[in-house]
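Beneath this line is the structure, given in structure tokens, with notes to follow.
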Amino acid sequence: MQIANLGFPRIGRQRELKFAQEKYWRGEISQAELKLVAKELRRTHWEWQAQAGVSLLPVGDFAFYDQVLTLSATLNAIPLRHRNEGIDANKVDLDTLFRVARGRAPSGKDAPAGEMTKYFNTNYHYIVPELTVDQEFSLAYEQFFEEVEEAKALGYAAKPVLLGPVSYLFLSKAVGSDFDKLSLLPKLIKTYAELLARFSEQGVEWVQLEEPILALELEADWQAAITSTYEALKDAPVNVLLASYYGTIAHHQALVSSLPVAGLHLDLVTAPEQLSEFAANLQPEQVLSLGVINGRNVWAADIDLIAERIGSVVNDLQGRVWIAPSCSLLHSPVDLDVETELAPALKQQLSFAKQKLTELTQLKALLSTPKSSSDKAEIDAIVATCVARRDAREASADKQVIDRVVALNSDDYERDTQFVNRQSVQQQKYQLPLLPTTTIGSFPQTPAIRGLRSRWRKGEISEDFYNDQLRQVTRDTVERQLKLGIDVLVHGEAERNDMVEYFGEQLQGFAFTQFGWVQSYGSRCVKPPLIYGDVSRPTPMTVEWAEYAQSLTDKPVKGMLTGPVTILHWSFAREDISREQIATQIGLAIRDEVVDLQNAGIGIIQIDEPAFREGLPLKKSDWDAYLKWAVDAFKLSAAGVTDETQIHTHMCYSEFNETIAAIAAMDADVITIETSRSRMELLSAFEDFEYPNEIGPGVYDIHSPNTPTVDEIVELIEKAADKIAVRQLWVNPDCGLKTRTWDEVEPALKNLVQATKVLRRRLG
């Protein structure tokens, strides 16, 4: 039996990669210094994996921005606007990748960044490959090969891991003209064959090709593409491990079991039931990799129960079994060992990426025949620890929360009247102009604000002094918006560290880590809270700050909340009750806050749900059940207010076409969405569906440092007006402005307001 791993987090346990990236972008370190940090991180992570018994170390899981973008660079699939110029036009280097990700031309001028969206049903964002009808592929970027040599020099056997060709095409975007992306597959397969041959020349024996689209319900042409691809690659001079994850692939069992690959990886955390069918149809000599440790959560595995579940398959396959995490550990924090402030009772329930490797070592011990009394004692200790953890989880429950959920009825989920009636009441109350302007919530979290928060947390300044300073920041933020001419203001969220953590810190049932960071995109990392118990809201969370901001102006100031579905998805949630139950508990807690905000005079309240879509099961046939409880959780949070109170929600970096009916069912008075990178393409879903409520399509890409011009914003609003009635439209940035500087934000918002004035005059 072999211990395997699909991939490891690259950020470092102290986010070393993030800080090095940002220093490089600011010109504070050289590229060589950035690469040195990366090399040291890889060395450390490979060492940990080798110590845990991983014999084939994943290579290619490391990325300076995004592994899909790294693959695009390797395949020479780089947009022309980001390519080097002149004789270096076909040279792809690290700076090329950063230009794609951050929106730069080789000249240093602005160029639209590559579109970014979420990777399947995760909160990880990838850069969407852009492919043209005449796209050519070639091996143009050496990072994969360099890292194989790097691993070899350290004495390790490398297993390159990369997205398979069919999933790569599926995740890509056709540009320039509308064409069938599968028409590019023959050329892409040829380049993959060259890639595998290069790996073989380096002495590589196994390559992991990932086809996560197998968890989807694929049309016949995509199924045929899987078959033709792996038939074409069957003579490659390496062993191919075909990996899929994030859901069951049992609906494609006949197709997958017939493929000429040397090994198959299954995600048995999301779909344990698929094991028996694939094991029964395994080809002779084919390896079966069992993904039994959850790569997407932080709770310690019940490895004694896992051993019982897979023991017969391990025995039947006689050495052709690998045991592994369900997916790459990219989605897990790096190392629990650095957490020094967690309560011991909670810490023993947890397992981060490094510890998940140890769980695999322990699982192998449980699945092996004891050879000595010390082996037997080790096994007994492992089992005793698992039993103690389960007993501790079952010991606590909040009956008041549980009873409140049970008592809910259908009226608790509905506003008093239909939107058309509410809209009339709200228009009369707020008297907003055509194309009202607003922002999504946060304003720049400056070094001064972050330093202030750090000093307060360390006890170096008093809470009174801290709050007084934040009131000054809030006043300044409101005054800047008034000067800019924004119609509906926000207080700027200077007091908040993170849109989920801030609320989790004030809710019962949540706990927090010091260093439990995971990568969201590029250098952006988040530190999800832990939901370990029943959730409730002991006291108001945002009312005081909203009241203060509203006292500074006669213009409406939005109350800003994070919605129940996003709080759930962006936390590491307990696994002993359903996600629907957790979302309902959080929905009740947010509802209490919404009502308190309304009662405090806050008439516009935004309940953000950027993670709404990422919770979708990958099989469409399973969507209805998820969408029902996700919509219900949002409606529960919003339905306690009067018609005068205007409820907004915000969503970003999602495709909306297939969930538009559910989004409409949420019945928010106003929805704001990200659309600028797609040049309003995402808005077509709202046009085709005839979305009934009001909508703010983003016109300012806040993830790029580029400042949009008045003309660019006018063009985007006009595109929006071609699709949606002007009376329904709001004007706003794509997302919150927390990560930008005031020097970037104010010129952009000034242009946004000016563009709106131009269009108001033009449209009357």
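What you see below is based on every heavy atom in this structure, not just the backbone, and it leaves out hydrogens, waters and symmetry mates.
- Screening residues 380-403 for ring pair (Phe, Tyr, Trp, His ring centres under 6.0 Å), with sequence neighbours left out, gives no hits.
- At a threshold of 4.0 Å, the pair Asp337-Lys354 counts as salt-bridged, since one of the basic side-chain nitrogens sits closer than that to a carboxylate oxygen.
- Judged purely by distance below 3.5 Å, without hydrogens or angles, the side chains of Asn123 and Trp570 pair a donor atom with an acceptor atom.
- Figure legend: cation-pi geometry between Arg42 and Phe62, with NZ or CZ positioned under 6.0 Å from the six-membered ring centre and within 45° of its axis.
- Side-chain polar atoms of Asp335 and Gln355 form a donor-acceptor pair below 3.5 angstrom.
- A salt bridge does not link Lys347 with Glu339: none of the charged nitrogens is closer than 4.0 Å to a carboxylate oxygen.
- Using a cutoff of 4.0 Å between basic side-chain nitrogens and carboxylate oxygens, Asp534 and Arg574 are scored as salt-bridged.
- Applying the side-chain hydrogen bond (donor to acceptor under 3.5 Å, both in side chains) criterion to Thr513, with sequence neighbours excluded, gives no partner residue.
- Within a 6.0 Å sphere centred on CD of Glu273, other residues, nucleotides and ligands contribute more than 12 heavy atoms.
- A tilted orientation is assigned to the rings of His45 and Trp48, their planes being inclined by 30° to 60°.
- Nearest heavy-atom pair across Ile702 and Gly736 is CD1-O, 3.1 Å.
- Here Glu658 pairs with Lys620 in a salt bridge; the nearest charged N to carboxylate O distance falls below 4.0 Å.
- Rounding to the nearest 0.5 angstrom, the gap separating the OH atom in Tyr466 from the CD atom in Glu460 is 13.0 Å.
- Neither side chain, Thr44 nor Glu47, offers a donor N or O lying under 3.5 Å from an acceptor on the other.
- Looking at Asp380 and Lys376, their side chains come closer than 4.5 Å, going by heavy atoms from C-beta outward.
- Residues Lys738 and Glu493 are not paired through a salt bridge, judged by the lack of any N-O separation under 4.0 Å between the basic side chain and the carboxylate.
- Between Asp576 and Trp299, the closest side-chain pair of non-hydrogen atoms is not below 4.5 Å.
- Side-chain contact between Val269 and Ile293 is absent, with no heavy-atom pair separated by less than 4.5 Å.
- Between the CD1 atom of Ile602 and the NE2 atom of His491 there is a distance of 10.0 Å, given to the nearest 0.5 Å.
- For the pair Arg591 and Ala639, the tightest heavy-atom approach, listed with the atom from each and the gap, is NH1-CB, 3.9 Å.
- Between Tyr119 and Tyr245, the ring planes are tilted. Angles from 30° to 60° get that label.
- Note: His331 and Tyr246 meet the aromatic proximity criterion, with ring centroids under 6.0 Å apart.
- Ion pairing between Glu505 and Arg457 holds under the 4.0 Å rule for side-chain N and carboxylate O.
- Between Arg613 atom CZ and His569 atom NE2 the span is 11.5 Å, to the nearest 0.5 Å.
- Side-chain atoms of Glu575 and Asn294 include a donor-acceptor pair closer than 3.5 Å.
- Using a 3.5 Å distance cut-off with no hydrogens or angles, the side chains of Asn5 and Gln49 do pair a donor with an acceptor.
- A side-chain N or O of Thr542 and one of Glu593 form a donor-acceptor pair less than 3.5 Å apart.
- Salt-bridge formation is detected for the pair Lys628/Asp632: a Lys NZ or Arg NE/NH1/NH2 atom is positioned less than 4.0 Å from an Asp or Glu carboxylate oxygen.
- Under a 4.0 Å N-O distance rule, the pair Arg404/Asp412 does not qualify as a salt bridge.
- The two atoms that bring His265 and Gly291 nearest to each other are CE1-CA, 3.4 Å, heavy atoms only.
- Under the side-chain hydrogen bond (donor to acceptor under 3.5 Å, both in side chains) test applied with His650, the options Thr672, Asp608, Asp734, Thr566 reduce to a single match, Thr672.
- Between Asp61 and Arg10 there is no salt bridge, since no side-chain N of the basic residue sits under 4.0 Å from a carboxylate O of the acidic one.
- Side-chain atoms of Glu609 and Thr649 form no donor-acceptor pair, as typed in the model, at a separation below 3.5 Å.
- Within 6.0 Å of CD on Gln514 lie more than 12 heavy atoms contributed by other residues, nucleotides or ligands.
- A heavy-atom distance below 4.5 Å is not found between the side chains of Gln508 and Arg537.
- You'll find the side chain of Lys356 stays beyond 4.5 Å of the side chain of Pro325, heavy atoms only.
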Practice item. Could you give me the CA-CA distance, side-chain angles and deciding distance for Arg390 and Asp304, then say whether salt bridge (Lys or Arg N to Asp or Glu O under 4.0 Å) is met? Key: CA-CA 11 Å; Arg390 283 196 292 276; Asp304 56 335; 2.8 Å; yes
